[in-house]
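In the text below, chain A, chain B and the rest are named by the order of the sequence lines, each starting its count at 1. Hydrogens, waters and symmetry mates are skipped; everything else that's a heavy atom, side chains included, is used.
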There are 2 protein chains.
Amino acid sequence: MTDRQDLLDTLAQVGKALGNGHRLALLERLAQGEAAVETLATTADLTVGNASAHLQHLRRGGLVTANRSGKQMIYHLTDQRIVTLLSLMRDVAETNLAEMERLVSRLFAEDNSDGALEAISQDELLSGLRRGSVTLLDVRPEDEFEAGHLPDAINIPLEQLEAMLDELPKDREIVAYCRGPYCVLSHEAVQRLRALGYQVRRFDEGFPEWKAAGLPVH
Amino acid sequence: MTDRQDLLDTLAQVGKALGNGHRLALLERLAQGEAAVETLATTADLTVGNASAHLQHLRRGGLVTANRSGKQMIYHLTDQRIVTLLSLMRDVAETNLAEMERLVSRLFAEDNSDGALEAISQDELLSGLRRGSVTLLDVRPEDEFEAGHLPDAINIPLEQLEAMLDELPKDREIVAYCRGPYCVLSHEAVQRLRALGYQVRRFDEGFPEWKAAGLPVH
DNA sequence: CTTATATTCTACCATTTAATAGAATGATGG
DNA sequence: CCATCATTCTATTAAATGGTAGAATATAAG
């Protein structure tokens, strides 16, 4: 009887690791590709010491591993399934927590809500790519792009968007993507490009979900 | 920036809810079918007050809902996907937490380990059933069986196993199943039936996983 | 209207978690 | 070997969580 409870308690370590917003932010960053502690601390807006402590927690939950490379510790997700786990949590939360809807719409609040900003699903994107009618735009920072991206995507980090407009076609549909469904980068990019007359839509997921679905990456 | 963190904090409520062994026990019971607080408290070995508090926590995480039926509150999983979520957590834990292996083998420790107790997978079970060569035995308590079971399964709760042997064939393979991979009931049943000369194997998952896979239930 | 039953809520205490600042460790490069 | 840089560890504090016992609430039944 206590054996069973010990087992459930150990399993609960996984849940515990998932039970903190900062740790979810760290996982989202790690889903883009491996990273050192300082990088992780910066993207999750934590002090290095605090980030390190959270990473230990994620380690105890079996969600990440680390290995040393010179002076740095490079952290990875242990497993591609963790991206799936996070997606499932999002699904469950969006379906069952009233709070979520409000928060999601507030996160994307600058929406001019002319209805035109509707996101494109993975299936639609795939068929668009197969037809060759879509240009893919990755608006994540360069290091994340380098660590892996969708095939044939162009990388224009959001800050450089206006400076690199000449890389984008005016006469083809563009699909912008970033880190995942709760990442605002692609949303912001779509708004700014639309204002300039481009035909752009947002991919409703991100690089990690694409990769976890077993689709090809570069 | 705080919008994003609020959203992640809310999402973390789901993780928090999964981050406690007693709550996982409650969820496992609810995966068998709806139940009232006292039933849940008994199966999870908690006081009613404490079970109620944990159930509120699961509610806040969007994992369960409740509605009143007379004097009782009947709790349900909000979603079949929660069974998938739990399976994924198990997979991740078994792959990445060294601790788990030890605990799983200790849970099933009475194993005479003659190698014969190897469990049967869902695919194998399905093909056995299609060939009609397998008798299905559900060793869960009657109320859980009544709330849903695999097609054509015979219900013999573990306590009544020896008293109801005449329902079981000696000349056909029997597959015993129960609540899930960490449920010892079917394991215990297999051991006892083998000692009596039956050809029995254990299904390596349980009723909830079968149902969540979209397979037919009665 | 009173009583009994099922559940939730409240108040309290012990334990765990999260955060901070600063010390300690490990690896690299002069 | 010494200085530097990246990370982890060690207090310390504030807040959240988990547990218990008993009061409060809601429904049903007499």
Side-chain angles (χ1 to χ4, degrees), chain A residues 1-2 5-6 8-27 29-30 34-61 63-76 99 143, chain B residues 1-2 5-6 8-27 29-30 34-76 143:
Chain A
M1 179 50 88
T2 184
Q5 202 53 55
D6 286 353
L8 291 178
D9 287 347
T10 302
L11 189 54
Q13 291 301 316
V14 180
K16 280 214 176 77
L18 295 168
N20 176 285
H22 293 308
R23 286 196 290 273
L24 295 179
L26 291 168
L27 289 174
R29 174 57 185 82
L30 285 168
E34 56 176 40
V37 178
E38 201 177 336
T39 311
L40 291 165
T42 308
T43 36
D45 200 27
L46 297 169
T47 63
V48 170
N50 195 6
S52 175
H54 279 299
L55 289 164
Q56 303 308 315
H57 206 139
L58 288 170
R59 258 171 145 167
R60 263 177 276 137
L63 302 181
V64 309
T65 42
N67 37 43
R68 189 176 273 280
S69 159
K71 298 193 227 184
Q72 303 189 109
M73 286 298 269
I74 308 295
Y75 279 82
H76 321 255
E99 190 75 350
D143 61 318
Chain B
M1 179 51 90
T2 185
Q5 202 52 55
D6 286 353
L8 291 177
D9 287 348
T10 303
L11 189 54
Q13 292 300 315
V14 181
K16 281 216 177 77
L18 295 167
N20 176 285
H22 293 309
R23 285 196 290 272
L24 294 179
L26 290 168
L27 288 174
R29 174 59 185 80
L30 284 170
E34 57 176 40
V37 178
E38 201 177 338
T39 311
L40 290 165
T42 307
T43 35
D45 199 27
L46 297 169
T47 63
V48 170
N50 194 7
S52 174
H54 279 300
L55 289 164
Q56 302 308 315
H57 206 140
L58 288 170
R59 258 171 144 166
R60 263 177 277 138
L63 303 180
V64 309
T65 42
N67 37 42
R68 188 175 276 282
S69 160
K71 298 193 230 189
Q72 303 189 111
M73 286 298 267
I74 308 295
Y75 279 81
H76 322 254
D143 62 320

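- Of the side-chain N and O atoms in H54(B), none sit less than 4.0 angstrom from OP1 or OP2 of dT17(D).
- If you find the closest nucleotide of DNA chain C to Q13(A) and to V37(B), the one lying nearer the 5' end belongs to V37(B).
- A straight line from CD1 of I74(A) to C1' of dA27(C) spans 13 Å, rounded to a whole angstrom.
- Computed from coordinates, the L24(B) CG to dG18(D) P distance equals 11 Å when rounded to whole Å.
- Phosphate contact (OP1/OP2 of dA6(D), side-chain N/O of Y75(A), threshold under 4.0 Å): absent.
- Comparing A36(B) and N20(A) along DNA chain C, the residue whose closest nucleotide (by nearest heavy atom) sits nearer the 5' end is A36(B).
- Of the N and O atoms on the side chains of D9(A) and H22(B), not one donor lies less than 3.5 Å from an acceptor on the other residue.
- Atom-to-atom, CE of M73(B) to C1' of dA28(D) comes out at 16 Å; the value is rounded to the nearest Å.
- In this structure, R23(B) contributes its side chain and A17(B) its backbone to a donor-acceptor pair below 3.5 Å.
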| query | Could you walk me through whether D45(B) and R29(B) pass the salt bridge (charged side-chain N to carboxylate O under 4.0 Å, His left out) check? | reply | CA-CA 12 Å; D45(B) 199 27; R29(B) 174 59 185 80; over 6 Å; no
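- Distance from the side chain of K71(A) is smallest for dC5(D) among the nucleotides dC5(D), dA19(C), dT8(D).
- The CG-P distance, from L55(B) to dT7(C), rounds to 10 Å in whole Å.
- No donor-acceptor distance shorter than 3.5 angstrom exists from the side chain of S52(B) to the backbone of V48(B), with no hydrogens or angles considered.
- An OP1 or OP2 oxygen of dT8(C) is reached within less than 4.0 angstrom by a side-chain nitrogen or oxygen of Q56(B).
- Straight-line distance from the CD atom of Q72(B) to the P atom of dA4(C): 19 Å, rounded to whole Å.
- Map K16(A) and E38(A) each onto its nearest nucleotide of DNA chain D; the residue landing nearer the 5' end is E38(A).
- Looking at the side chain of S52(A), the nearest of the listed nucleotides dA27(C), dA19(C), dT7(D) is dT7(D).
- Look at R23(B) and you'll find a side-chain N or O under 4.0 angstrom from OP1 or OP2 of dG18(D).
- One can place NE2 of H57(B) at 6 Å from P of dT17(D), the figure rounded to the nearest angstrom.
- Taking only side-chain nitrogens and oxygens, N50(A) comes nearer than 4.0 Å to OP1 or OP2 of dA19(C).
- Atom CG of L46(A) is separated from atom C1' of dA19(C) by 10 Å (rounded to the nearest Å).
- Side-chain contact check for L30(B) versus H76(B): every heavy-atom pair is 4.5 Å or farther apart.
- Computed from coordinates, the L58(A) CG to dA18(C) C1' distance equals 14 Å when rounded to whole Å.
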